[in-house]
Amino acid sequence: MLYIGIDLGTSAAKLLLMDGSGQIKNTVTKEYPLEFPQPGWSQQNPEDWRKAVMEGIPELLRGFDGAAVAGIGCGGQMHGLVILDQDDHVIRPAILWNDGRTAKQVDYLNQEIGKKRLSVLTANIAFAGFTAPKLLWMRENEPENFGRIARIMLPKDYVNYILTGTHSCDYSDASGMLLLDVEHKCWSKEMLDICGVSEAQMPRLFESYDCIGTVKPEIAKRLGIPETVKVCAGAGDNAAAAVGTGVVGEGGCNISLGTSGTVFISSESFGVDRNNALHAFAHADGGYHLMGCMLCAASCNKWLMEDIFRTSDYAAEQEPITDDKLGENHVFFLPYLMGERSPINDTNARGVFMGMTMDTGRADLVQAVLEGVAFAIRDSVEVARSLGIELNASKICGGGAKSPLWKKIMANVLNIELQCLESEQGPGMGGAMLAMVACGEYDSVKAACEKIVHVASTVRPEPELAAKYEKRYRQFQKIYPACKQLFADFSNE
């Protein structure tokens with residue numbers, strides 16, 4: 001049988017076709033635009049997601065037997081607020097995960113409701129990207145639209161609704177809304193009341209590998225697949241990527257260098273970081289995970305390459321950064337181009353180059369960006385280590401992981417082994433694997449991972465270089481605290 005995995009990303013939908021053994025048969029990418037109507041705002045038209053999937057699946061199946069498709073699974077960008085009216089029409093563009101308009105609402109939740117209460121109710125505190133602050137922002141700034149809300153959804157759940165007609169959400173994605181009681185896997189009535197919405201407006205909750213329904217007949221006909229195709233609930237992109245990299249069960253770790261950057265640590269039991277610097281979410285395997293998320297990772301490098309240097313030849317820009325220059329760069333970069341989530345939770349934070357001199361060149365800036373992202377990832381790793389979690393190795397995935405240089409920098413900054421996979425297809429692969437479980441191809445997510453996911457190579461830290469980066473990291477740690485008040489002052493002008 002064949003399975004379709006959908007990675008509903010921020011800039012594109014990436015679709016893959018996989019057989020039951022995990023062999024990738026085909027991939028298709030459909031890009032769509034991103035809107036920035038004001039500085040720090042980020043939104044998208046859900047119609048673009050529908051179009052990408054409806055056009056992408058027939059293209060994906062070209063040359064293959066569509067009748068052999070058994071299941072579809074989607075891993076999607078988290079936190080985005082998708083709202084439908086009583087006729088299931090989209091009311092306004094989706095407010096995305098990297099949108100920073102909700103600083104006022106985040107302050108209200110963290111200060112007035114209180115971080116301690118939020119943590120009791122949801123296992124997390126408020127961050128600008130989460131869904132609950134977006135609802136509060138809408139209630140205050142778009143009351144007419146807010147009054148029309150009949151359904152509240154997340155991005156990948158809108159795609160699942162298009163396919164099946166079912167309003168659903170899985171626990172991993174719902175964990176990032178600040179509306180879910182993560183420990184008990186149910187909607188928090190108190191949080192819904194705080195946001196002025198009801199449980200009737202919320203989707204039905206599922207485990208990620210549960211079947212939420214089959215493809216609607218008219219959709220199946222358009223896509224060229226059977227009406228019996230099962231659609232699983234799917235997962236938030238990071239949980240889906242973790243499945244695709246085999247990070248399930250107790251103590252697994254995955255670092256993702258995508259548009260955002262994440263440190264994902266899986267666990268069989270529920271646990272919360274005392275300071276809520278890391279997110280405590282449900283996992284797609286039925287367990288839980290801790291996650292640190294930075295808003296701009298590979299997107300920092302993309303910004304420097306394409307917007308500043310006006311080039312798409314990333315490899316050529318990295319070529320001058322030879323081994324002797326690693327750990328020796330005196331230029332630092334704060335990668336906070338869209339504010340930051342883990343662990344500083346500061347919507348006012350901004351990108352900063354520091355330490356430039358008259359002899360600073362392009363390669364120094366490129367290196368500073370790669371190192372700055374690695375240092376920021378380490379900030380979250382340090383929080384995990386402070387909890388007694390021992391991290392000696394991690395899987396690595398995402399577009400940034402295609403760079404050998406960046407992987408070497410990351411391994412030495414973190415001083416851990418990084419395991420590179422034979423096939424790394426991110427959330428789309430995880431989505432397809434979840435669909436396999438929903439269809440009975442495998443008994444569990446863990447069984448699917450053991451069969452399908454294999455390590456191809458390992459990048460190991462070098463003691464001398466790791467020591468150099470230890471010193472650089474301690475210097476990096478001093479920059480944000482020195483700038484924090486300036487960021488706040490400038491944001492109020």
So does [X] pair up with [Y], basic N to acidic O under 4.0 Å?
| X | Y | value |
| --- | --- | --- |
| Lys30 | Glu59 | yes |
| Lys189 | Glu199 | no |
| Asp170 | Lys156 | yes |

With distance as the sole criterion, is a donor-acceptor pair present between the side chains of [X] and [Y] under 3.5 Å?
| X | Y | result |
| --- | --- | --- |
| Asn124 | Thr122 | no |
| Asp88 | His167 | yes |
| Trp41 | Glu35 | no |
| Glu47 | Tyr158 | no |
| Trp97 | Ser42 | no |
| Asn238 | Thr262 | yes |
| Glu450 | Tyr442 | no |

Compute both the distance and the angle, then confirm whether Lys185 meets the cation-pi test with Phe281: under 6.0 Å from the six-membered ring centre, within 45 degrees of the axis.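 So Lys185 doesn't make the cation-pi contact.
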Exceeds 12 heavy-atom contacts within 6.0 angstrom, atom [atom1] of [X]:
| X | atom1 | answer |
| --- | --- | --- |
| Arg385 | CZ | yes |
| Glu250 | CD | yes |
| Lys395 | NZ | yes |
| Lys446 | NZ | no |

What closest approach, in Å, do [X] and [Y] show between heavy atoms, and which atom pair accounts for it?
| X | Y | value |
| --- | --- | --- |
| Gly20 | Ile452 | O-CD1, 4.4 Å |
| Pro427 | Asp7 | CD-OD2, 3.5 Å |
| Lys230 | Cys439 | CB-SG, 4.0 Å |
| Ala235 | Ala284 | CB-CB, 3.9 Å |
| Lys402 | Pro404 | O-CD, 3.2 Å |
| Leu2 | Lys25 | CD2-CG, 4.4 Å |

Using the ring centroid of each side chain, check whether [X] and [Y] are separated by less than 6.0 Å.
| X | Y | answer |
| --- | --- | --- |
| His184 | Phe270 | no |
| His79 | Phe127 | no |
| Phe264 | His283 | yes |

Take Gln318 and Ser403, measure what side-chain hydrogen bond (donor to acceptor under 3.5 Å, both in side chains) needs, and give me the verdict at the end. CA-CA 9 Å; Gln318 293 180 18; Ser403 165; 2.8 Å; yes
What residues form a side-chain hydrogen bond (donor to acceptor under 3.5 Å, both in side chains) with Gln105, not counting sequence neighbours?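 With sequence neighbours excluded, Gln105 shows a side-chain hydrogen bond (donor to acceptor under 3.5 Å, both in side chains) to Glu140, given in chain and number order.
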Sub-4.5 Å side-chain heavy-atom contact between Leu180 and Leu205: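 With C-beta onward as the side chain, the pair touches.
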